[in-house]
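So the structure is just underneath, and the comments pick up after that.
Hydrogens, waters and symmetry mates are skipped; everything else that's a heavy atom, side chains included, is used. By convention in this document, chain letters (A, B, ...) are assigned in the order of the sequence lines, proteins followed by strands, and residues within each chain are numbered from 1.
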Amino acid sequence: MKLFHRTIRDLHQMLRDREISSVELTQSVLDQIQAVGDRTKAYLLVTKELALRQAHAADERLRSKRDVRPLTGIPIALKDVLCVKEVASTAGSKILKGFTPPYSATVVERLEAEGAVFLGKTNCDEFAMGSSNENSGYWPVHNPWGLDRVPGGSSGGSAAAVASGEAIAALGSDTGGSIRQPAALTGIVGLKPTYGRVSRYGLIAFASSLDQIGPMTRDVVDSALLLQAIAGHDPRDSTSSPKPVPDYLATLGDGVKGMRLGVPKEYFVAGMEPAVEQSIRDAIRLLEQQGASIEEVSLPHSDVALPAYYIIAPAEASSNLARYDGVRYGYQAEGARNLIEEYMLTRQQGFGAEVKRRIMLGTYALSSGYYDAYYLQAQKVRTLIIDDFKRAFTKVDALLGATSPTVAFPLGAKTQDPVAMYLNDIITIPANLGNVCAISVPCGLADGLPVGLQVIAPGFREDLALRIAFAFEAATEFHKAQSPLMGAAA
Amino acid sequence: MSAIATKYEVVVGLEVHAQVLTQSKMFCGCSTDYLTAPPNANTCPVCLGLPGSLPVINRRAVEATIRTALALNCEIPEFSKFDRKNYFYPDLPKGYQISQYDLPFSRRGHLDFDVRGAPCRCGITRVHLEEDTGKLLHEGAIHEAQSSLVNFNRSGVPLMEIVSEPDLRSADEAREYVMRLRAILQYIGVNNGDMESGQLRCDANVSLRPAGSSELGTKVEVKNMNSFRAIHRAIEYEVVRQTEVLDSGGRLTQETRGWNDARGLTVSQRTKEFAEDYRYFPEPDLPPLDVSRHWVEEIRAGLPELPAARRERFVAAYGLTPYDASLLTSTRPMAEFFEETVRLGGPAKASANWILGDFSRLLNADHKEIQESSIKPTHLQQLLHLVETGGLSGKMAKQTFDAMYHAPDPAPALAEAKGSSQISGDAELAGLVDQVIAENAKSVADFKAGKEQALKFLIGQAMKLSRGRANPQRLDALLREKIV
Amino acid sequence: MPEPTSELSSREVEHVARLARLGITPDEVLKYRDQLRNILHHIEALNRADTSKVPATAHPLEERNVMREDRREPCLPADAALRNAPSREDSYFKVKAIQE
Ligand SMILES: [Zn+2]
């Protein structure tokens, strides 16, 4: 077993015991990036020098036993939507090519304070808009489980990096499933915290009322450790919650005995692959064997979640992306005769097709005469979805279902059909709209490709989602399955 | 103007933008002191609209807006929120302005003022809060410049928009409305009233309709008026222009026109290809606000006396004419100057006359405000005292005031006037001294018995008789001489 | 409420692109029109939900009155604000003529 195969918790112990140094560990991961990076294309930028500098600093901290934290010396990858001071941060878009922010995101500062090591910026769908990572403004990411397959999206680079040993853990962002779906498709653990749990300051915005940053890790313990480090109130984000952050590890092992778990019947959607459905049904049975009681529940407005999402998210995005005009930063088109022409050309050339599609959709939905029919109606539907969850959580403690209706699909399979691509998110989107938290945990392989079990818990009950996921993980070996690339000779 | 005014009724509504006096910007901690800072020095990720940055509401700006709304007799709804107004312009870094759309902090108020003594009331539609934009610099006119330079120091400065009902019926009324509004904003400390530098800006919607009609005519928005005079001239110009168009059978177009102060006319600004569609929607980055009644009352309790109330008090307490009281209360510093002068003993009527007369004339010539002058209430009061006691002629007083005004320190000029008005001749003082000795036998006896205090009393009596003009040192000497 | 879908016209696509300041070729107008029509067709499902008595959710959290005190914080260091600018002159951002 190489160092890059291990989990945060294992490595933390080894670092503490001075069995290894952070520099050795970091070098091991950098070597793996070197070995398989051109196959996964997981990174847009590898910050090797920064990583080694941070690893040295972490070793100093470990040596002097001064303020040693669970993430001290642990190499972590950051989705490119996160601003890192003086490090190119592009949100996977050509329009931000070369942009180096003069400030760091709050989560980045928190990880820095922990003494974490930054490996680089991971590839993603442009402005986090996509479900396959094929909308990256630079290049697509390949799934470590099958290089002809997508890794999911939009946090596909972070997922592929963790699944291929190119990072011990990563941060992603989830607006409609962008952490959970790629986690499911690459066989790792992905957690979308409740909106407000993690500061969005410094997260390049896609849809402001939905975006959340969350951990992507090898197992549930690591997920809890990483969440612990980034969660909590931030005065710079007015939508970050002042609710106290519980100790996630403290209750992780409490099991599911006596817990009531609901299975929303609407989540077994048409088009779900039989092998995926089988894995999920097996996983539910396993939790039942662990002592949970399982009951079917209904989230009656699930069918309108996707349409509501495809109004709200593009509407907010159309406004959030208005700032990319080539004046203060980023790409500026050449040859324009005047400013308005320059705006049009810059945005025409700088944005990719999906981003333009969503900007137009969102602009249309907000425009005069359509606001009530689209945007306002979508916000009302959002209330219905929130109420669906509230009602369900009066009967059960948490909900179970698939994360994605399919396993990783071949690259190019859905790029010509936006609607088919949107359907990938059909069972992840409700958690974003419903203001709850959800985790995807590996629950088996179907035809050699990973399947993810989604556990949805009430708002600010990440402790519960983690605890259920951990009970499942502890009773199975699925999370130990490694992608073929993990074994690739360095 | 009266000839045309009989045929058409003038309808004017004003939108006043007032920068809120805060230390930091609306949504970030950058300094609001943008006029003196080097270009783009007062900026941060938030006010530059950098990717990932998020706004946080400045409490003081919110309270200043509610304060203003209360001063303008507005209703304060219990729920309010911010919205995004989406449009592209190079001075708008995010591609949207955080503003308020359907749930502003206040609505339905009114402002009372008067035009040459006649009372007027104008409805206030709403007062809302938003962020200011950056500033563009260009050679020549904006539409002719080959390029522009952008400075974001002003970007994100809190800005109130005060929208009036179309209740104003003349350029005179519009000017008086803005003057009164400006006074209120200064009184309550939310704005510095500086129109020249754009910290207070005014746009006017001007239309005409046949006299007696109740429908609104085609409205023209006039921008770029940065003084009371400009507001007056621009509206007068528009009334004449629109009358001419209508009289010649033409039709007015709904458009925006810019006031060109140098040429004294309004110029059509390019009509847009299509109507702006601002696509307002609730700002997702900012939770809404519950404006509790308790909070409102707290803000109301902090309001100072407003100009209207102060004016009434000046009339009642000091016997001033409503007109003088109105002028004196037009700015808070002037009203306070007046009251302080009176408190120190200055006669009210004379104090008012001096402040509104010579003092204002000199200040206007220098484009200065009363608080910028080196003359303080105590100086004016002392000067008035010399005049009152007869030692200084009106002509001399004017000369003295002029000298006081132009000197960096008014004291020497005042002292000189005092000296020239003092009775120092022993011959003139002898009569006074005799009278005091005759009328205060007990004090004389006390002094003889060694009570120094008694001499002070006698000097005071002599000063009183001389109405302050006697030289106290000479009195001291003469009294000692005569009593012993 | 207007009948929103299926009738999305090329003109509307051009209008929306213009509002969003997105340059768009005539071919793209047709492509986006068809794609957006298809997406809007699926979005029509929104109207299946009875929302006549439902309030809109614009802000998912219950927090209200989130404000900061009026205190100055340090600005960006000199040049950091302008470092990423594609065109600048001295300490200003520079933009092309604004005329349309
Ligand atoms: Zn700022």
Side-chain angles (χ1 to χ4, degrees), chain B residues 22-25 27-32 37-45 47-48 50 56-62 79 81 86-90 95 134 136-138 142-152 270 272-274 277 279 281-284 286-292 295, chain C residues 2 4 8-24 29 36 46 51 54-100:
Chain B
T22 52
Q23 291 293 307
S24 64
K25 291 187 181 180
F27 298 115
C28 62
C30 289
S31 164
T32 48
N40 292 301
N42 286 7
T43 59
C44 74
C47 57
L48 281 174
L50 294 192
V56 186
I57 299 168
N58 183 335
R59 176 190 294 273
R60 191 176 167 83
V62 172
F79 185 79
K81 67 177 168 72
N86 295 282
Y87 67 95
F88 288 85
Y89 210 68
L136 295 175
L137 271 91
H138 22 245
I142 182 164
H143 292 296
E144 288 151 22
Q146 285 310 296
S147 65
S148 298
L149 302 178
V150 199
N151 179 359
F152 289 105
R270 188 172 295 262
K272 288 172 182 122
E273 253 171 73
F274 51 85
D277 183 347
R279 291 159 285 134
F281 72 102
E283 167 57 281
L286 295 172
L289 293 109
D290 287 327
V291 184
S292 74
W295 191 20
Chain C
L8 182 75
S9 65
S10 298
R11 257 183 77 89
E12 280 178 295
V13 171
E14 284 168 0
H15 173 73
V16 165
R18 167 94 187 171
L19 267 180
R21 299 292 186 269
L22 283 173
I24 187 168
V29 170
L36 292 172
L46 270 183
T51 56
V54 181
T57 298
H59 300 92
L61 295 178
E62 282 157 17
E63 262 71 40
R64 295 283 182 269
N65 299 30
V66 181
M67 288 177 274
R68 63 185 179 83
E69 295 312 314
D70 180 28
R71 256 196 303 276
R72 287 184 185 171
E73 307 278 345
C75 296
L76 281 174
D79 211 53
L82 290 127
R83 191 183 50 212
N84 283 290
S87 320
R88 55 185 282 193
E89 193 172 303
D90 303 325
S91 293
Y92 293 96
F93 297 90
K94 189 175 177 183
V95 295
K96 284 204 166 59
I98 289 165
Q99 73 209 11
E100 293 185 15

Item to check | Point-to-point distance, once rounded to the nearest 0.5 Å, from CG of B:L48 to CG of C:L76 | outcome: 6.5 Å
Checklist entry - So which part of C:R71 gets closer than 4.5 Å to some heavy atom of chain B, the side chain, the backbone, both or neither? => result backbone
Checklist outcome for this item: Interatomic distance, CG@B:N58 vs CG@C:D70, rounded to 0.5 Å, equals 4.0 Å
Item to check | Where B:V56 and C:M67 come nearest, the two heavy atoms and their spacing | outcome: CG1-C, 4.4 Å
Checklist entry - With a 4.5 Å heavy-atom cut-off, do C:D90 and B:P39 have their side chains touching? => result no
Item to check | Segment of C:A20 engaging chain B (4.5 angstrom heavy-atom cut-off) | outcome: backbone
Next on the checklist: Counting heavy-atom pairs closer than 4.5 Å to chain C, which one of B:L289, B:V291, B:L149, B:T32 comes out on top?
Outcome noted: B:L149
Next on the checklist: Please find the pair of heavy atoms, one from B:E283 and one from C:H59, that lie closest to each other, and give the distance.
Outcome noted: O-NE2, 2.8 Å
Checklist entry - Just by modelled atom types, is the B:D290 backbone N or O under 3.5 Å from a matching donor or acceptor in the C:N65 side chain? => result yes
Checklist entry - Could you walk me through whether B:L136 and C:I98 pass the side chain to side chain contact (heavy atoms under 4.5 Å, CB included) check? => result CA-CA 10 Å; B:L136 295 175; C:I98 289 165; 3.5 Å; yes
Checklist entry - So what's closer than 4.5 Å to chain C heavy atoms on B:P45: side chain, backbone, both or neither? => result both
Item to check | B:F152 portion near chain C, given a 4.5 angstrom heavy-atom threshold | outcome: side chain
Next on the checklist: Counting heavy-atom pairs closer than 4.5 Å to chain C, which one of B:C30, B:S31, B:P282, B:P90 comes out on top?
Outcome noted: B:S31
Item to check | Interface residue of largest heavy-atom contact number with chain B, from C:R64, C:R72, C:R68, C:E63, under 4.5 Å | outcome: C:R68
Checklist entry - Side chain, backbone, both or neither: which part of B:L137 has an atom under 4.5 Å from a heavy atom of chain C? => result side chain
Item to check | Choice from B:K81, B:R59, B:R60 maximising heavy atom contacts with chain C below 4.5 Å | outcome: B:R59
Item to check | Top of C:A81, C:P60, C:A58 for chain B proximity - count of heavy-atom pairs under 4.5 angstrom | outcome: C:A81
Item to check | Shortest non-hydrogen contact between B:N42 and C:C75, atoms and distance | outcome: CA-SG, 3.6 Å
Item to check | For the student: nearest non-hydrogen atoms of C:V66 and B:P287, plus distance | outcome: CG2-CG, 3.7 Å
Item to check | Toward chain B, the part of C:L82 with a non-hydrogen atom under 4.5 Å | outcome: side chain
Checklist entry - Which heavy atom in C:L19 sits nearest to a heavy atom in B:R279, and how many Å separate them? => result O-NH2, 3.6 Å
Item to check | Atom group of B:C47 that falls short of 4.5 Å from chain C, counting heavy atoms | outcome: neither
Checklist entry - Taking all non-hydrogen atoms of both residues, which atom of B:F88 and which atom of C:R21 are closest, and how far apart? => result CD1-CG, 3.3 Å
